[in-house]
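Presented below is the structure to which this report refers.
We number each residue from 1, following the sequence as shown. Side chains are part of it too, since the values below use all heavy atoms of this structure and drop only hydrogens, waters and symmetry mates. Predicted model, so just to flag it, every value in this text is computed and none were measured.
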Amino acid sequence: MANKKIVSLQKKRNIALIKKIFRIIRIPVVILAVAAALFLSARLLGNVAVSNITDGIRQVKTLFSKGEGYPYSLEAFDFRKVDAIGNRPLVLCDDSSVVLSSSACKLFEMQLGVADSKVITKNGRAMIFSNSSNKIILQSKTEKLGEMTAEGTVVAAALAENGSFAVSYAKGEYQSVLSVYNSRFKEVFRWECSQERIADISLSGNGKNLAVIAVGAENAEIYTRLLVFNIGDAEPKADLRYSGTLFLRVAYTSSGKVIAVGDNKTVVLTKKGEPVDETVYSEDSLLSVCIDDSGNTVVFYEEFGGSKTGMVRYSSGGKKTCALSFDGTPDCAAAQGGKTAAAFGSEITVWSSSGNEVKRITAENPVSDIFFCSGNLYTVENGAIYKH
């Protein structure tokens, strides 16, 4: 009987020892695995993949240290915007940017030099700029990647999946100068425009193609040029002019389509400028536009004099997947992959890519901003970030 007790005690001690050893070695094992992936990515995928995996190494510590969770309180007087940087929320404030973990633990905080910053995120990177400054800053989820000074105050900007980025600014006799840089901050393309002002830019994922909206006026009428470039070619491979339409947003999608959203129409083109589809709505009826990293685009506009809201969704392949009409005007909206969400006060509706209602969520307070991140829906309510 005594022998059985001794054996049982030894088994318990062995199990406890194994658990202790596992706790000790699990962090080095994770780091070694990530380091191996880092080495392979450096050889196969380039420096953006390396940056993302380096982020992964630095985020290992958050597996064992938890934040206070959501809701995450924001400084109301300081807060500007919340977006997703890769699979993490990024909070943009007047003087800083903060990246949070899934449990609201601070992963990284970076100080900024201007108080009216804007942010564009793509593939685990963020580009921060201001319309009152010529400074551009790039960051990952855990580090500042670099900064540069443009030749003029930044008007529009774009970021590609491979780390390339583009900025436009006015300079001398030119209404707009467009510069494209690779991920190492080297200029690889420049286009100068004397007659129109660039309103928006979109880069292809590999940074080799570019879609541009340039707005001008002639004989008291607004017109828009929609241009498509191959980086390296001085002349555009497509240059279309639309009279009476003010295009505001453009997406160069992951499948090579160009989707441009204007005040009275949305058009879909091939990268050669050939028309694919078009949705027309009343002049000045555009309410909001949501474009995800792949170029899936959702447009909200007023219908029937504002008594209803129309919603149309185009996939990154340029296909119109749904067209809806409903009561109420959304206060804010977001799109990611096949999902679209819109907030009406404290009520949130989520639709599938085909326009079917997936679910409704009741928030604790009226929603002022909304975004998807790592499969979750986040909202900004009453000075705090909520996770649903």
Side-chain angles (χ1 to χ4, degrees), residues 70-85 88-94 97-98 100 104 116-122 126 128 200 248-249 251 259 261-263 266 281 284-303 306-314 322-353 355 357-388:
Y70 295 90
Y72 175 86
S73 181
L74 298 165
E75 293 288 345
F77 65 92
D78 191 27
F79 165 72
R80 296 189 63 81
K81 175 71 176 174
V82 183
D83 208 337
I85 179 170
R88 295 289 182 257
L90 181 147
V91 181
L92 184 67
C93 301
D94 276 346
S97 66
V98 178
L100 302 174
D116 59 345
S117 297
K118 297 181 178 180
V119 62
I120 299 171
T121 62
K122 190 71 69 74
I128 299 173
D200 198 26
L248 303 169
R249 295 289 307 277
I259 303 176
V261 183
D263 62 341
T266 294
Y281 32 89
D284 298 324
S285 63
L286 181 67
L287 295 171
S288 62
V289 185
C290 307
I291 303 173
D292 73 5
D293 282 1
S294 297
N296 296 300
T297 302
V298 182
V299 182
F300 296 88
Y301 52 90
E302 293 180 345
E303 284 188 321
S307 60
K308 286 186 174 293
T309 295
M311 182 184 89
V312 61
R313 178 188 182 275
Y314 283 99
C322 75
L324 302 178
S325 182
F326 50 81
D327 295 326
T329 301
D331 298 304
C332 51
Q336 185 184 71
K339 291 184 178 180
T340 302
F344 305 81
S346 59
E347 298 296 321
I348 303 167
T349 302
V350 181
W351 294 276
S352 68
S353 59
E357 186 176 309
V358 175
K359 61 180 175 180
R360 292 197 179 193
I361 301 169
T362 301
E364 295 187 19
N365 310 279
V367 177
S368 59
D369 201 0
I370 188 170
F371 66 101
F372 288 99
C373 182
S374 191
N376 296 301
L377 187 64
Y378 289 79
T379 57
V380 178
E381 312 168 26
N382 197 27
I385 303 173
Y386 287 75
K387 182 179 179 182
H388 301 274

Task: pair Cys322-Trp351: side-chain heavy atoms closer than 4.5 Å - done: no
- [ ] Determine, for Asp293 against Lys122, whether the closest basic-nitrogen to carboxylate-oxygen distance falls under 4.0 angstrom.
- [x] no
Task: Minimum side-chain heavy-atom gap Phe372-Cys290 below 4.5 Å - done: no
- [ ] Could you pull out the closest heavy-atom pair between Leu324 and Gly355, with the gap in Å?
- [x] CD1-O, 3.6 Å
TODO: Drop me the distance from Leu74's CG to Ile385's CD1, to the nearest 0.5 angstrom.
DONE: 4.5 Å
TODO: Could you grab the distance from atom CG of Asp94 to atom CZ of Arg80, nearest 0.5 Å is fine?
DONE: 5.5 Å
Open item on the list: Minimum heavy-atom separation for Arg249 and Ile291, please, with both atom names.
Closed with: NH2-CD1, 3.5 Å
Task: ring pair (Phe, Tyr, Trp, His ring centres under 6.0 Å) against Tyr72, all qualifying residues, sequence neighbours excluded - done: none
- [ ] Taking the side chain as every heavy atom from C-beta outward, state whether Asn365 and Tyr386 have any atom pair closer than 4.5 Å.
- [x] yes
Task: Shortest non-hydrogen contact from Thr121 toward Ala84 - done: OG1-O, 2.8 Å
Sequence neighbours excluded and cut-off under 3.5 Å, please list the side-chain donor-acceptor pairs for residues 295-303, or say none.
from	atom 1	to	atom 2	distance (Å)
Asn296	OD1	Arg313	NH2	3.4
Asn296	OD1	Ser316	N	2.8
Asn296	ND2	Asp292	OD1	3.4
Asn296	ND2	Asp292	OD2	2.9
Thr297	OG1	Gly295	O	2.8
Glu303	OE1	Ser325	OG	2.6

Open item on the list: Looking at every heavy atom in both Ala363 and Glu381, which two are closest together, and how far apart are they?
Closed with: CB-OE2, 3.3 Å
Task: Atom pair CG (Leu377) and NE2 (His388), whose distance is rounded to the nearest 0.5 Å - done: 6.0 Å
TODO: Starting from the C-alpha separation in whole Å, work towards a yes-or-no answer on side-chain contact (heavy atoms from CB on, under 4.5 Å) for Leu100 and Tyr70.
DONE: CA-CA 10 Å; Leu100 302 174; Tyr70 295 90; 3.6 Å; yes
Task: Taking every non-hydrogen atom, the tightest pair across Asp200 and Leu248 - done: CB-O, 3.5 Å
Task: Option among Val82, Asp331, Val380, Ile348 that satisfies the side chain to side chain contact (heavy atoms under 4.5 Å, CB included) test with Ile370 - done: Ile348
- [ ] Check whether any side-chain heavy atom of Ile128 lies under 4.5 Å from a side-chain heavy atom of Ser97, and answer yes or no.
- [x] yes
Task: Pairing residues for Lys308 by the salt bridge (charged side-chain N to carboxylate O under 4.0 Å, His left out) criterion, not counting sequence neighbours - done: Asp327
Task: Asp263 (side chain) donor-acceptor with Asp284 (main chain) under 3.5 angstrom - done: no
Task: For Ser117 against Leu92, the heavy-atom pair lying closest together - done: O-CD2, 3.4 Å
Task: Lys81 side, atom NZ; Lys118 side, atom NZ - distance, nearest 0.5 Å - done: 11.5 Å
Open item on the list: Parallel, tilted or perpendicular: which one describes the rings of Phe344 and Phe326, with boundaries at 30° and 60°?
Closed with: perpendicular
Open item on the list: When you measure from the side chain of Ser352 to the backbone of Val358, do you find a donor-acceptor pair of N or O atoms at a distance under 3.5 Å?
Closed with: no
Open item on the list: Just verifying a value: how many Å separate Asp369 CG and Phe79 CZ, rounded to the nearest 0.5 Å?
Closed with: 6.0 Å
